[in-house]
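Written below as structure tokens is the structure these notes are about.
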Amino acid sequence: MDELELKRNRAAVSIAMVDENVVLTNTLRSGFKILGYGGIERYRDVASLDASLYGARFDLIIGDGDINVGKLLDLVRQVRNGEVGRNPFTAIIVTSWSREWSMVRRAIDAGADDILA
């Protein structure tokens with residue numbers, strides 16, 4: 001795969017980010033843009049992301065597992081069960097400032113693909 005084809009493939013990837021920390025989401029968004037990714041949507045709360053999942057199709061969701069008292073983990077579970085969104089196999093990365101085992105366990109049980117603590 002040559003560099004041009006790789007760049008085209010990255011541009012087609014749709015990413016959703018949910019975090020109350022605007023500085024963090026702006027930084028991540030900038031990094032993804034530099035790498036050539038397109039279609040990056042930012043949300044400040046889980047309810048906004050939830051509402052958008054009925055129309056948009058995301059290839060990757062990155063979100064703060066601590067936001068709205070764990071509501072993201074409830075949404076991850078709903079996505080995995082096909083109750084919300086269009087693709088139950090969407091890649092999902094959960095972030096957390098907490099390294100508590102209970103938080104990590106809840107994220108795993110919800111169906112997160114990866115956890116950054």
Side-chain angles (χ1 to χ4, degrees):
M1 182 179 307
D2 65 0
E3 186 64 32
L4 184 58
E5 186 177 359
L6 185 59
K7 193 169 188 173
R8 267 196 310 269
N9 289 342
R10 286 181 183 161
V13 173
S14 181
I15 302 171
M17 293 186 293
V18 59
D19 198 312
E20 294 171 334
N21 186 334
V22 176
V23 174
L24 179 63
T25 56
N26 283 342
T27 302
L28 283 173
R29 184 175 188 268
S30 295
F32 279 118
K33 287 286 188 183
I34 288 169
L35 293 171
Y37 290 92
I40 303 166
E41 298 293 328
R42 294 172 292 178
Y43 302 93
R44 293 191 70 181
D45 57 51
V46 175
S48 300
L49 173 60
D50 184 7
S52 73
L53 288 174
Y54 289 96
R57 180 174 183 178
F58 295 108
D59 301 302
L60 173 62
I61 297 172
I62 303 170
D64 182 0
D66 304 317
I67 193 171
N68 302 120
V69 193
K71 293 291 184 191
L72 178 68
L73 300 181
D74 294 336
L75 183 62
V76 170
R77 186 173 288 106
Q78 291 173 333
V79 168
R80 291 295 183 237
N81 290 329
E83 299 166 14
V84 175
R86 299 168 70 187
N87 180 7
F89 303 107
T90 300
I92 301 174
I93 300 172
V94 173
T95 63
S96 177
W97 291 103
S98 170
R99 294 183 301 162
E100 296 293 324
W101 174 245
S102 61
M103 167 53 192
V104 173
R105 181 81 251 167
R106 286 192 335 262
I108 292 168
D109 289 345
D113 292 299
D114 206 348
I115 301 144
L116 299 174

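Note that this is a predicted model, so its numbers are computed, not measured. Just so you know, residue 1 is the first one in the sequence shown, and it goes up from there.
- Counting all heavy atoms, side chain and backbone alike, Lys33 lies closest to Gly38 at NZ-CA, 4.2 Å.
- Using a 4.0 Å cut-off between charged side-chain N and carboxylate O, Asp59 and Arg10 make no salt bridge.
- Connectivity analysis of hydrophobic side chains (ILVMFWY, heavy atoms under 4.5 Å, direct or indirect) links Val22 to nothing; its cluster partners are none.
- If you chain together hydrophobic residues whose side chains sit under 4.5 Å apart, Tyr54 and Val18 fall into the same group.
- Put simply, OG1 on Thr95 and CG on Asp64 are 4.5 Å apart, with the number rounded to the nearest 0.5 Å.
- The line from CG of Leu75 to CZ of Arg80 is 10.5 Å long, rounded to the nearest 0.5 Å.
- The side chain to side chain donor-acceptor pair (under 3.5 Å) test applied to Asp74 returns no partner, not counting sequence neighbours.
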Side-chain donor-acceptor contacts of residues 81-89 below 3.5 Å, not counting sequence neighbours, with atom names and distances?
{"from": "Asn81", "atom 1": "ND2", "to": "Arg77", "atom 2": "O", "distance (Å)": "3.2"}
{"from": "Arg86", "atom 1": "NH1", "to": "Gly55", "atom 2": "O", "distance (Å)": "3.2"}
{"from": "Asn87", "atom 1": "OD1", "to": "Phe89", "atom 2": "N", "distance (Å)": "2.8"}

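- The shortest side-chain heavy-atom distance between Gln78 and Leu53 does not fall under the 4.5 Å cut-off.
- Pairs passing the salt bridge (charged side-chain N to carboxylate O under 4.0 Å, His left out) check and including a residue from residues 15-31, sequence neighbours excluded, do not occur.
- Rounding to the nearest 0.5 Å places CZ of Arg106 at 8.0 Å from OG of Ser96.
- Using a 4.5 Å cut-off between side-chain heavy atoms of Ile, Leu, Val, Met, Phe, Trp and Tyr, with links allowed through other members, Trp97 and Val104 fall into different hydrophobic clusters.
- To the nearest 0.5 Å, atom CD1 of residue Ile92 and atom CG of residue Leu72 are 7.5 Å apart.
- Ala107 and Val94 get closest at one heavy-atom pair: CB-CG1, 4.3 Å.
- Closest approach of Ser98 to Met103, counting heavy atoms only: OG-CB, 4.1 Å.
- Here Ser48 pairs with Asp45 under the side chain to side chain donor-acceptor pair (under 3.5 Å) rule; sequence neighbours left out.
- Through chains of ILVMFWY side-chain contacts below 4.5 Å, Ile93 is grouped with Val13, Ile15, Met17, Leu24, Leu28, Phe32, Leu35, Tyr37, Ile40, Leu60, Ile62, Leu116.
- Interatomic distance, CG of Asp113 versus CD1 of Ile108, reported as 11.5 Å (0.5 Å rounding).
- Interatomic distance, Arg44 CZ to Ile67 CD1, rounded to the nearest 0.5 Å: 9.0 Å.
- Looking at every heavy atom in both residues, Val76 comes nearest to Gly111 through CG1-C, 3.9 Å.
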